[in-house]
Amino acid sequence: MQTSPSRTAHWQSLDVHHHMHPFTDHVELANEKPMVIERAEGVYIYDSEGRQLLDGMAGLWCVNVGYGREEIVDAVARQMRQLPFYNTFFKTTTPAALELAHKLSTLTPEGIDYFFFSNSGSEANDTNIRLAQSYWQLLGRPERKVIISRNNAYHGSTIAAASLTGMASMHDIPACPIDGIVHIANPDWYACAQDMTEDEYGLQTAQALEAKVLELGAENIAAFFAEPIQGAGGVIVAPKTYWPEIQRICRKYDILLVVDEVITGFGRTGAWFGAQTFGIQPDLMTLAKGLSSGYLPISASGVSERVAKVLRSKPGRFPHGYTYSGHPAAAAAALKNIEIMERERLVQQVGERTGPCFQNALARLLDHPMVGHVRGHGLMACVVFSPDKTRRAAFNPLGGFATKVRNHCFANGLVTRAVGDGLVFAPPLVITEAQIGELVHKLRKSLDEVLAHGV
Ligand SMILES: *Cc1c(COP(=O)(O)O)cnc(C)c1O
């Protein structure tokens with residue numbers, strides 16, 4: 001295969017003239033030109049100039065089994081030859097969707113035994129809003145409709161999911177946030193609580209939920225949505241006092257707990273689901289990304305017996321669904337993906353070996369003058385920079401330093417992403433201890449370059 005600059009220039013020209021990117025400043029992009037990713041294998045991606053990069057982000061937090069899995073390709077091809085598509089609306093179904101639903105019921109926490117399929121995390125969160133509100137409507141409590149979410153949460157980009165999201169930039173359009181979604185504090189101990197222990201702060205932040213419930217009246221609230229670890233918000237891990245208190249409050253006021261596991265699901269935290277890692281008992285779950293390791297788009301809402309019983313026992317149609325809900329080819333990809341994770345014991349590997357290795361290797365960066373905080377769990381982490389570590393000071397502009405380090409990481413062959421003053425990491429779960437060493441080495445090198453040259 002030829003790798004001449006003209007090929008890259010051709011694609012970059014097509015990109016400039018015909019392609020609009022998600023979450024991208026197109027003015028900036030026009031000056032910098034996109035990197036064209038052409039192929040991938042294992043934990044590495046390759047651009048159109050043949051440069052190899054270690055993918056510290058598993059695509060977009062999703063390629064859990066790594067790239068180049070022929071088995072998934074074959075399973076999808078087999079499925080597509082046999083039945084490329086049939087819908088699951090009304091009273092038809094397909095074997096692939098059923099086998100996937102059954103498989104998921106064996107992996108998700110106790111009580112989550114029903115699955116409603118969608119195509120993306122955003123759609124699954126829309127579905128969960130509808131499931132939660134329908135549940136209360138069917139119980140004759142339609143006024144129980146308010147949804148509580150958290151600041152800095154990321155729940156997706158459809159109008160409803162963007163409204164659930166707790167990032168101001170995503171609400172900067174008249175349609176968002178939709179009515180009836182309110183946000184409370186998120187447990188960002190490093191940024192918000194220098195003067196408190198993590199445990200004190202965790203308890204206090206969880207009680208923001210109780211305060212909001214009392215303010216609005218429990219009789220008006222349908223559900224609380226939260227990620228076990230906030231991902232796109234900067235891999236924010238709650239103090240250990242947080243989740244038990246959240247669970248207590250949801251039980252006390254009879255509020256559905258919706259756990260968005262789009263990133264934390266499928267082994268990322270060293271258990272199948274973040275709910276298991278943190279001892280959370282969800283009423284609804286949001287699954288996507290690692291469900292198929294990104295090989296094809298598919299997502300699911302995990303539904304507890306409590307919610308399913310109500311929705312399944314009342315006459316009348318649940319007025320919701322997507323043409324491709326339970327798409328057979330995507331379901332086949334997800335099934336094979338899960339089979340690989342089980343056979344290779346990837347979840348155990350992250351929990352016992354590579355997760356702790358990754359966290360320890362990153363924590364050693366705390367000896368660096370610019371590294372103020374390292375946090376994470378399993379194979380997701382955030383390294384936060386500070387110009388004055390003792391005060392946990394932020395850079396001005398926020399993220400200026402992190403963006404420079406991110407650019408050096410790319411130049412040194414490492415993919416990462418800047419969030420505020422931090423860099424986030426979520427490598428494929430197949431990463432080896434040697435490759436973790438490579439990742440941290442490239443990060444430290446990039447950090448030292450920026451410190452030495454300031455660009
Ligand atoms: C990525 C993400 C979503 C949205 O998923 P899409 O497939 O991009 O719609 C929802 N929730 C969380 C926690 C995510 O990380």
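First listed ligand is number 1; within each ligand, the first listed atom is number 1. Just so it is clear, the model here is predicted, and its values are computed rather than measured.
- Every atom of ligand 1 is numbered from 1 in the order shown, and the set under 4.0 Å from a heavy atom of G121 is 4 (C), 5 (O), 6 (P), 7 (O), 9 (O).
- Near E227, meaning under 4.0 Å from one of its heavy atoms, ligand 1 places the atoms 13 (C).
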task: Check step by step if ring pair (Phe, Tyr, Trp, His ring centres under 6.0 Å) holds for H320 and F116.
output: CA-CA 10 Å; H320 178 70; F116 187 104; 5.6 Å; yes

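- Heavy atoms of Y154 approach ligand 1 to within less than 4.0 angstrom.
- Nearest to atom 1 (C) of ligand 1 among the protein's heavy atoms is K289 NZ, 1.6 Å.
- Close approach of ligand 1 to I263 (heavy-atom distance below 4.0 Å) involves ligand atoms 15 (O).
- Listed here is the closest heavy atom pair of V350 and R268: CG1-O, 3.9 Å.
- Near S122, meaning under 4.0 Å from one of its heavy atoms, ligand 1 places the atoms 4 (C), 5 (O), 6 (P), 9 (O).
- Of the candidates R150, H155, H183, H155 is the only one forming a side chain to side chain contact (heavy atoms under 4.5 Å, CB included) with T165.
- Within ligand 1, counting atoms from 1 as listed, the ones closer than 4.0 Å to a heavy atom of G156 are 4 (C), 10 (C).
- R392 forms a cation-pi arrangement with W189, by the criterion of a distance under 6.0 Å to the ring centre and an angle within 45° of the ring axis.
- Side-chain contact check for L29 versus H26: some heavy-atom pair is nearer than 4.5 Å.
- Less than 6.0 angstrom separates the ring centroid of Y324 from the ring centroid of F85.
- For ligand 1, the atoms lying closer than 4.0 Å to a non-hydrogen atom of D260 are 10 (C), 11 (N), 12 (C), 13 (C).
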